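Everything on this sheet refers to the single structure shown next.
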Amino acid sequence: CCDLNNQPRGLEDPELLARETVFSVSEIEALYELFKRISSAVIDDGLINKEEFQLALFKINKKESLFVDRVFDLFDTKHSGILGFEEFARALSVFHPNALVDDKIEFSFQLYDLKQQGFIERQEVKQMVVTTLAESGMNLSDDVIENIINKTFEQADTKHDGKIDKEEWKNLVLRHPSLLKNMTLQYLKDITTTFPSFVFHSQVDDT
Amino acid sequence: QRNSGPPILINAFQLIGMSSCLDLSGFFEK
């Protein structure tokens, strides 16, 4: 379970992760306590599979979810189908209140660019709206959905080409910051007080 | 011709944000 320098698997270099994320070394070590809890929920293997990810981060127990799949893929930067601690920490860093707005804009753009074409197309927006309504039990007519999407594209698609590119997305969210609300988890600031047991395993003095 | 229904106030991405929201709050409850 441990490597030669006696650090737990996945937490080999907390200082490097702290330098490359918004978390401090202590916060990285506390985040590892959260990671251990999530990664042992179904299979205690030190890795987060999609089922554990869905249970922990979305509180839904359905077989398939468009957003769970998309968010999991964005966390899974090594495309292995499972998340190691480094991937988990780097992705969650974007959701920290202190993360750069540009990083949140980039992540949210990729989240909504379902087909990863470099732009968000109308059909993708409709698919996401229909999925959201279905998951939340809301029932809106197709006319109302089309109207919402029309209005959204009137606001966002300033180049009038039927799609939203990254520049248009950035302009839209800067005009409407509430669209990034789902990109910030305020409680990540409390990670060390929520998981104080990290101090028993800490191998570094934080600065 | 008058527009019949109420004006649409919600942006599609506000709606989508409801489903695409991560929720780790259960781990942070005191």
Side-chain angles (χ1 to χ4, degrees), chain A residues 33-34 37-38 53 56-60 65-68 70-71 75 91-92 95 108 111-112 120 122 125-129 131-136 138 140 143-145 147-153 155-156 164 169 172-173 176 178-183 185-188 190-191 193-195, chain B:
Chain A
E33 299 296 310
L34 170 64
R37 200 178 290 185
I38 296 172
F53 187 78
L57 281 89
F58 284 90
K59 305 286 183 300
I60 48 177
S65 165
L66 174 70
F67 291 106
V68 171
R70 192 72 199 108
V71 177
F75 273 59
L92 268 191
F95 290 83
S108 60
L111 174 65
Y112 299 146
I120 303 167
R122 191 185 166 88
V125 178
K126 180 154 188 182
Q127 186 184 355
M128 290 185 281
V129 168
T131 299
T132 299
L133 293 172
E135 288 181 355
S136 55
M138 278 193 280
L140 294 182
D143 282 352
V144 172
I145 294 171
N147 205 354
I148 292 171
I149 295 169
N150 286 342
K151 295 287 180 191
T152 302
F153 270 76
Q155 289 178 323
I164 301 165
W169 175 249
L172 179 71
V173 297
H176 303 281
S178 66
L179 297 182
L180 286 182
K181 202 174 165 190
N182 62 333
M183 289 303 305
L185 305 176
Q186 287 294 339
Y187 43 75
L188 285 178
D190 303 325
I191 187 84
T193 52
T194 308
F195 297 93
Chain B
Q1 190 177 352
R2 288 183 61 191
N3 189 348
S4 49
I8 299 295
L9 297 176
I10 192 161
N11 181 297
F13 292 106
Q14 286 174 302
L15 197 61
I16 294 164
M18 291 162 49
S19 263
S20 57
C21 200
L22 304 187
D23 183 7
L24 285 166
S25 59
F27 293 96
F28 286 78
E29 284 163 4
K30 303 287 181 197

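Predicted model only: the values in this text are computed from it and were never measured. Chain letters run A, B, ... following the sequence lines, proteins first and then strands; every chain starts at 1.
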For [X], is it the side chain, the backbone, both, or neither that has a heavy atom closer than 4.5 Å to a heavy atom of chain B?
X        : value
A:Leu133 : side chain
A:Val129 : both
A:Tyr112 : side chain
A:Leu180 : neither
A:Met183 : neither
A:Arg70  : neither
A:Leu185 : side chain
A:Ile145 : neither

* Structure fact -> Closest non-hydrogen atoms of A:Thr152 and B:Ala12, given as atom of the first, atom of the second and distance, are OG1-N, 2.8 Å
* Among A:His176, A:Lys151, A:Gln155, find the one that has a side-chain hydrogen bond (donor to acceptor under 3.5 Å, both in side chains) with B:Asn11. =>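 Result: among A:His176, A:Lys151, A:Gln155, A:Gln155 is the only option passing the side-chain hydrogen bond (donor to acceptor under 3.5 Å, both in side chains) with B:Asn11.
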* To do: List for me each residue that meets salt bridge (Lys or Arg N to Asp or Glu O under 4.0 Å) alongside A:Arg122, sequence neighbours excluded, and say none if there are none.
  =>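 Checked A:Arg122 against salt bridge (Lys or Arg N to Asp or Glu O under 4.0 Å); matches are A:Glu146.
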State, yes or no, whether a side-chain contact exists between [X] and [Y] at a heavy-atom distance under 4.5 Å.
X        : Y        : answer
A:Tyr187 : B:Phe27  : no
B:Ile16  : A:Asn182 : no
A:Phe58  : B:Leu22  : yes

* To do: Determine the option with the most heavy-atom pairs under 4.5 angstrom with chain B, choosing from A:Ile38, A:Val173, A:Asn150.
  =>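 When all of A:Ile38, A:Val173, A:Asn150 are compared, A:Ile38 has the most.
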* A:Trp169 and B:Phe13 aromatic ring geometry - parallel, tilted or perpendicular at 30°/60° bounds -> perpendicular
* Asked: Rounded to the nearest 0.5 Å, how far does CD of B:Gln14 lie from OG1 of A:Thr132?
  ->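 Here the interatomic distance stands at 12.5 Å.
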* Please identify each residue that fulfils side chain to side chain contact (heavy atoms under 4.5 Å, CB included) with A:Lys181, with sequence neighbours left out. => none
